[in-house]
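Taking it in order: structure first as structure tokens, then the write-up.
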Amino acid sequence: MTELPKRYDPKSVEPKWYQRWMEDRDFVANPNSSKPPFSIVMPPPNITGVLTLGHVLNNSIQDILARRARMQGFEVLWLPGVDHAGIGTQTAVEKHLRRTENKTRHDLGREEFLRRVLEWQDKHGGIIIEQLKRLGCSCDWSRERYTLDDAYVAAVQNVFVDLYRKGLIYRGRRMINWDPAAQTAVSDEEVISKPQKGNLYFVRYEIVEEPGRFLEVATTRPETIMADTAMAFHPGDKRYADLLGKHAWRPLAREKIPIIADEAIDPEFGTGVLKVTPAHDALDFEIGQRHHLPIVDVLHPDGRINCPAVPELDGLDRFKAREKAAELLQTMGALAKTEAYENNVGFSDRSDVPIEPRISEQWFLRYPKTKDALAAVRDHLIRFFPPHWEKVYAQWLENIRDWCISRQVWWGHRIPAWYRKSQAPNSNSQNDEKIYVGINPPADAENWTQDSDTLDTWFSSWLWAYETMDEGTRKKFYPTSALVTAPDIIFFWVARMIIAGLEFKPGKSDRMEDNIAFRDVYFTGLIRDKLGRKMSKSLGNSPDPLELIDKYGADGLRFGLMRIAPRRQDIRFDEKQIEEGRNFATKLWNVARLRQMHGTSDVAPKIDNQTLSIYALELLARLNETIDAIEAAYREYQFNTVAQRIYDFVWSDYCDWFVEAAKTEIFGSDEAQKKSALAVMDFVLSAILRLLHPFMPHITEELWSLLDLGESSIQFALPPEKIRLDDVLDLTGKRQLVSAIYQTIQAGRNLRAESKLSSNRKIRFILRTGEKLISSQIPTLRRLLNAEEVELDPKYQAPAGNPVAVTPLGEIFLTVAAADRAGERQRLDKEIARIEVEMRAAEEKLGNQSFVDRAPAAIVEEHRQRLKGFSVQLEKLKHAREGLN
RNA sequence: GGGCGGUUAGCUCAGUGGUAGAGCAUCUCGUUUACACCGAGAGGGUCGGGGGUUCGAAACCCUCACCGCCCACCA
């Protein structure tokens, strides 16, 4: 046995153990094991990302599940990996290029640019993996995967080709969300609507057939007027009925446009007239389709106006052009008025610029298996924690629309489609003979051009649950046991992964439960700062987890975070909570030191129920309760409850009460008693370490090893089981006695403090009680009260002014010359008043016949007992009070 | 517009029908042979408002207010 250093030093202990675990290959999963499987796939962080608190929360939870399962005897696979993050990584490299070389990716060309991305990836990639190791994550690193691994790329392409052949992937010219900053299409899920302050412009369009008469329209986007190809009102709108079939003069790029009627127009909004701009608005596009309107596109891909017919606007940025267009309209007298207006505008999740609805030829996916995906969750083949996310999931699936999967980005999975060279890649034609889709290039490759686009990153991530595994691994570990992720990617990833599992899992069976990607999904909360703001780089309010690990240790960080791990949406982060985690580690360390100072621990301490002290029985009973509570909390993924229960048990039940009480025996001269107390300390400490190991892997392993509590690593020690106490004679009575003793101690300490006696002053207490069993407990009472003496005197006649408190054992007196009779009088009056209030409440309750008749008997009886107790206490206190007069 | 969460001590949050809790913060005392990253004690709450159900509501129902999130083609 090595002696424990005075202070726990996570900086040396944590890396030491992590290295050992890696060397021993403790995290490596064996698909041929006979143990039952437990598996988790890690949500892959971006390859060039750095660790955030969100990752810490997520991965700590996964590690807890993995480590607990290992202890329970499961063969555990926790499969880690990283994501190539198409748009994100490309944007970062482009930014870097612009800053350092003032070049765009087009200046370099595709090949050279991709080389630069690889360079960037080599430099910044994999940092996050090292950071996860510092957190203590027990992933099988030998299986680390990347969404651009050769095999993974092939799998993505296979799926694309397969879906194309099934007719579920198609190419089409449709309205999509265009990100003018990243210059790519994005999916509906990547558009975030935000309220935006702007203006509502009321523009007058002159009627061609009735010069001098105007049609007024309210618009937020006057810069798109040149793309208007009709004016529209609701068919039932009498105000404009006579204009149907006539024409209006478009004020910018002057042209005649038809006036039409369409159900989609809201007569209540603005003037009830809509300017129809099919090229730049989704609703207008639909109206245009219904009325066969031409489509006029007046925007460049980067968001500048493309309209030589109006030179004042041509080439201007869309927001500049908006102001300029309003000016132009003003000058020509076409602007009736301008109102300040706030509306919702779609922003790109990636670039944070307003999305431009745009017609574009893209690849789309019609989702397969949506009904099955819905059923899998509804019927709880897949369970969500907390369950209210089921509804969010269902709503998305019920309203699902085709997924735009092509991105005008170079970094990613290139679309395995080729176009015959005579065929312009972006033409309208959908003649299949001119498109070739396949894993390999067409035989006469020189006559074909490959599609220049790549696939949405999520189109590769949605295969993550099984394409990261080879066949043998899949056989053992798929479906995965649990998925831990943040709710903001429930659509991006979770839902799509469920669909992918149902549709393509290799070796799919007829039973849906074999194909689902995972059985349980635990959604974590979002970590916010103290003020409730989202953590963000721009706000600079996101603490660096590595700094927190340096300051508090990985275990401290993990435990602190898990204690506040939410069951609802948000967590407010406060470094104080991490500090508490660190303090808890220190507390644990110190109680272990205390134990170690009294000799070697026993690997299998013998607990003899018949000779245990009453304090030990109480502790063991509470350990049993704690184990039950923890089991129940794990079943519901309530990590905060697990952490809190362990915390309370260790700090309060074990350290503050049991260990302090047991010191009587530990420091005593009775060897048998001493041995018994130490055995209980060992037994419970061993249980504590095992309960805590999933949360605090390093310190528990260190103590396990230093105290020689087990033969091998704590990682594979069985979780503690409840100890049988049913053969203990009158356990309930003994526990009641302990409770009475503890209450008496608290009353005595209170007496001391209220009497303004300093904590360290040795004083005498007198206990007036009829309780026979108490005499043997006097040394313990003395220790816990820090008393010179605790005297037992069943017939004690208290002198006037003697401070007294009523306890379940009787009364406890402080034998000090009553320096302050007035203060004592005041104290007693307060106490008497309090009890009188409670007594009246109890009396009232019992006087209520309905209560007595209808409440459960046990509760009524409890009230009776309380009332009885109060009257006894009151009598004694009043007696004491009289002595002070 | 629809949906989902939330509102409990100064702060962060537990608590789903039976005497309102924890940690932090505050105040008092303390170098009591594990721990000042500690120990002991104390103060502090008409559980967002209003109605209802019930013998009994922080909890269940209705309603209102405010905060947050998600979804939605009112230009």
Side-chain angles (χ1 to χ4, degrees), chain A residues 4 6-8 175 188 192-193 200 217-221 232 264-266 268-270 273-277 281-287 341 343-344 346 357 386 388-389 391-392 395-396 399 487-488 490-491 526 528 530 532 552 556 563-564 566-574 576-577 579-580 582-598 638 640-641 644 647-648 651-652 655-656 659-660 663 667 745-746 749-754 756-762 783-786 838 841-842 845 848-856 858-860 862-863 866:
Chain A
L4 271 63
K6 180 114 177 132
R7 230 165 223 272
Y8 175 60
M175 184 56 77
D188 296 339
I192 303 164
S193 80
L200 197 54
V217 64
T219 179
T220 53
R221 302 203 60 189
I265 284 96
D266 175 6
E268 304 291 317
F269 184 85
V273 181
L274 175 73
K275 67 188 226 10
V276 186
T277 320
D281 184 277
L283 175 67
D284 293 18
F285 177 74
E286 282 172 28
I287 296 174
Y341 187 64
N343 65 336
N344 284 323
H388 69 254
W389 291 108
K391 200 161 179 178
V392 176
Q395 276 173 356
W396 182 75
N399 299 299
D488 53 351
I490 184 169
F491 310 138
L526 219 62
R528 296 173 171 278
K530 256 201 260 189
Y552 305 109
R563 250 179 102 207
I564 52 166
R567 297 170 51 205
R568 279 178 273 108
Q569 297 210 2
D570 298 347
I571 315 170
R572 295 212 178 190
F573 178 77
D574 186 343
K576 271 263 171 338
Q577 289 151 336
E579 198 179 318
E580 280 177 45
R582 188 267 321 260
N583 293 353
F584 181 57
T586 307
K587 185 74 179 177
L588 184 68
W589 184 259
N590 276 307
V591 78
R593 279 184 67 217
L594 167 73
R595 169 62 192 89
Q596 191 232 24
M597 284 170 182
H598 294 93
Q638 293 175 1
N640 55 340
T641 305
Q644 189 61 38
Y647 182 94
D648 289 341
W651 208 301
S652 174
C655 295
D656 289 346
V659 171
E660 290 306 322
K663 278 178 180 173
F667 293 126
I745 287 160
Q746 285 178 312
R749 286 166 173 173
N750 174 264
L751 268 188
R752 172 203 285 274
E754 295 284 312
K756 308 281 179 223
L757 296 171
S758 70
S759 301
N760 62 343
R761 190 159 151 203
K762 293 279 179 187
R783 172 175 293 279
L784 293 178
L785 282 165
N786 194 30
E838 296 214 35
K845 197 101 191 190
N848 181 340
Q849 200 54 44
S850 304
F851 170 72
V852 177
D853 292 346
R854 307 183 61 171
I859 287 163
V860 177
E862 203 182 302
H863 276 80
R866 278 181 59 204

**OP:** Name all residues meeting the salt bridge (charged side-chain N to carboxylate O under 4.0 Å, His left out) criterion together with A:Lys576; count only those two or more places apart in sequence or in a different chain, and write none if there are none.
**Re:** none
List, with names and distances, any nitrogen or oxygen atoms from the protein found under 3.5 Å away from nitrogen or oxygen atoms belonging to nucleotides 42-47 of chain B.
residue	atom	partner	partner atom	Å
B:A42	OP1	A:Asn750	ND2	3.3

Original post:
Does A:Phe851 have any side-chain contact (heavy atoms from CB on, under 4.5 Å) partners at least two apart in sequence or in another chain, and if so, which?
Top reply: A:Lys845, A:Leu846, A:Asn848, A:Ala855, A:Ile859, A:Val860, A:His863
**OP:** Using the closest heavy atom to pick a nucleotide of RNA chain B for each, name whichever of A:Val591 or A:Ser850 lands nearer the 5' end.
**Re:** A:Val591
Original post:
5'-most contact on RNA chain B: A:Ile192 or A:Arg582, nearest heavy atom basis?
Top reply: A:Arg582
**OP:** Ignoring backbone atoms, establish whether A:Lys391 has a side-chain N or O less than 4.0 Å from OP1 or OP2 of B:C70.
**Re:** no
**OP:** Taking only the side-chain nitrogens and oxygens of A:Trp651, find out if one of them lies under 4.0 Å from OP1 or OP2 of B:C35.
**Re:** no
Original post:
Can a side chain N or O of A:Asn583 be found less than 4.0 Å away from OP1 or OP2 on B:C38?
Top reply: yes
Original post:
Tell me, for nucleotides 19-30 of chain B in 5' to 3' order, what letter each nucleotide earns: B for a base near a protein heavy atom under 4.0 Å, S for only sugar-phosphate near one, - for neither?
Top reply: B--SSS----BS
So which protein N/O to nucleotides 72-75 of chain B N/O distances come out below 3.5 Å?
residue	atom	partner	partner atom	Å
B:A72	N6	A:Asn344	ND2	3.2
B:C74	O2	A:Asp266	OD2	2.0
B:C74	N3	A:Asp266	OD2	3.0
B:A75	OP2	A:Tyr341	OH	2.9
B:A75	O3'	A:Thr220	OG1	3.4
B:A75	N6	A:Asp266	O	2.7
B:A75	N1	A:Asp266	N	3.2

Original post:
For residues A:Gln644 and A:Asp648, is any side-chain donor paired with an opposing acceptor at under 3.5 Å?
Top reply: yes
Original post:
Does RNA chain B take part in any stems of at least 3 consecutive Watson-Crick or G-U pairs (both distances under 3.5 Å), and if so, which ones?
Top reply: B:1-7 with B:65-71, B:10-13 with B:21-24, B:26-30 with B:38-42, B:48-52 with B:60-64
